[in-house]
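Here's the structure we're looking at; comments come further down.
Please read these numbers as outputs of a predicted model, since none were measured by experiment.
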Amino acid sequence: MPRPASLHLGVDLLHLPRLRALLFPGGPSVTSPTLTRFAKRILSPAELRLVPTQSPESILRYMATRWAAKEALYKAYPHPHPSGVEERITWKEVSVLKDITSGKPYISIKRLRNDNRHIQQGEDGADDEEDTASLTITHDGEYVIAIVAYSTDHVDSRVNLNALGEELIGKLKSCGKLT
């Protein structure tokens with residue numbers, strides 16, 4: 001008898017002024033050295049190529065959504081993983097991407113070796129398959145909220161989280177946390 005799917009949820013609420021102060025200590029600037037160091041530390045190579053350059057505010061929103069999404073994933077991701085992997089996932093192994101068809105965001109997880117190359121698995125030496133998680137993100141005023149659903153079964157973890165996100169936003173607004 002097959003066991004039921006194991007779904008793990010993670011949520012992160014990020015206050016933009018806090019991240020703005022961290023990334024732009026000398027005031028908003030697209031050339032902030034702190035911003036550059038932070039981006040290189042937490043973004044995957046795919047995400048680094050997509051950082052907007054129009055304004056400090058667009059960069060802040062981009063960084064905030066990635067930071068919140070990754071924090072939510074770390075809360076949802078089981079440790080140790082049922083696959084037997086003991087090490088925790090790292091920032092650079094996680095990418096926030098958009099589905100080509102729907103345009104909806106999702107999380108891609110690709111495990112890396114110590115030399116930052118993707119882990120090769122299997123006797124044929126083929127790259128390990130991409131692991132995914134569902135993601136919904138919303139911006140409201142000075143807050144970014146990310147909700148992640150991750151399944152430990154080898155199925156596409158991208159499920160519809162819109163209803164869950166709307167319910168959470170409603171609860172935060174009702175208690176005065178969001179306007």
Side-chain angles (χ1 to χ4, degrees), residues 5-24 28-30 32 34-35 38-79 88-110 130-153 155-179:
S6 179
L7 189 64
H8 303 267
L9 297 176
V11 177
D12 192 65
L13 174 67
L14 185 139
H15 192 221
L16 285 171
R18 182 171 169 243
L19 186 61
R20 185 179 290 114
L22 174 74
L23 297 181
F24 306 114
S29 168
V30 296
S32 166
T34 306
L35 168 66
F38 186 80
K40 287 180 179 177
R41 193 178 109 224
I42 73 151
L43 297 179
S44 70
E47 292 170 317
L48 274 171
R49 288 189 295 272
L50 300 173
V51 174
T53 57
Q54 299 90 336
S55 69
E57 193 62 26
S58 64
I59 296 170
L60 175 68
R61 294 260 177 205
Y62 183 85
M63 298 299 289
T65 56
R66 269 84 195 147
W67 179 265
K70 291 179 184 198
E71 285 288 329
L73 174 68
Y74 294 140
K75 293 170 185 172
Y77 199 81
H79 180 75
R88 293 191 182 273
I89 52 177
T90 67
W91 297 113
K92 293 177 184 278
E93 294 174 323
V94 177
S95 296
V96 176
L97 303 172
K98 285 187 179 179
D99 185 273
I100 296 170
T101 307
S102 69
K104 292 180 180 181
Y106 72 97
I107 292 180
S108 168
I109 306 161
K110 292 189 176 180
E130 170 187 56
D131 198 0
T132 61
S134 291
L135 169 65
T136 187
I137 301 175
T138 187
H139 311 250
D140 194 352
E142 294 186 333
Y143 292 92
V144 173
I145 301 169
I147 303 171
V148 170
Y150 177 78
S151 174
T152 55
D153 292 333
V155 296
D156 190 343
S157 292
R158 289 180 274 174
V159 297
N160 186 348
L161 292 174
N162 289 338
L164 182 60
E166 289 172 11
E167 180 182 336
L168 176 63
I169 291 166
K171 287 180 180 178
L172 288 169
K173 284 182 177 180
S174 70
C175 69
K177 295 289 184 188
L178 294 177
T179 55

Side chains of Val30 and Ile59: closer than 4.5 Å at any heavy-atom pair?
yes
How about Thr34 and Phe24: do any of their side-chain heavy atoms sit closer than 4.5 Å?
no
Nearest 0.5 angstrom please: [X] [atom1] to [Y] [atom2], how far?
X      : Y      : atom1 : atom2 : answer
Leu22  : Trp67  : CG    : CH2   : 7.5 Å
His139 : Leu14  : NE2   : CG    : 10.5 Å
Leu48  : Lys92  : CG    : NZ    : 6.0 Å
Ile147 : Thr136 : CD1   : OG1   : 6.0 Å
Tyr62  : Leu50  : OH    : CG    : 4.5 Å
Leu73  : Ile109 : CG    : CD1   : 4.5 Å

Tell me the closest heavy-atom pair linking [X] and [Y], and the distance in Å.
X      : Y      : value
Glu71  : Trp91  : OE2-CH2, 3.2 Å
Ser29  : Leu35  : O-CD2, 4.2 Å
Ala72  : Ala146 : CB-O, 3.7 Å
Ala69  : Ile137 : CB-CD1, 4.4 Å
Tyr106 : Leu135 : CA-CB, 4.0 Å
Leu43  : Met63  : CD1-SD, 3.7 Å

Compute whether any side-chain donor of one residue and acceptor of the other, for Tyr74 and Asp12, lie under 3.5 angstrom apart.
no
CA sep, side-chain torsions, deciding dist, call: Glu47, Ile42, side-chain contact (heavy atoms from CB on, under 4.5 Å)
CA-CA 9 Å; Glu47 292 170 317; Ile42 73 151; over 6 Å; no
Where the side chain of Lys104 meets the backbone of Asp99, is there a donor-acceptor pair that is under 3.5 Å apart?
no
Do Val144 and Leu19 pass the side-chain contact (heavy atoms from CB on, under 4.5 Å) test, and can you show the C-alpha distance, the side-chain angles, and the key distance before you say yes or no?
CA-CA 11 Å; Val144 173; Leu19 186 61; over 6 Å; no
Full working for side-chain contact (heavy atoms from CB on, under 4.5 Å) between Val96 and Thr65:
CA-CA 8 Å; Val96 176; Thr65 56; 5.8 Å; no
side-chain contact (heavy atoms from CB on, under 4.5 Å) evaluation trace for Leu60 with Leu16
CA-CA 8 Å; Leu60 175 68; Leu16 285 171; 4.1 Å; yes
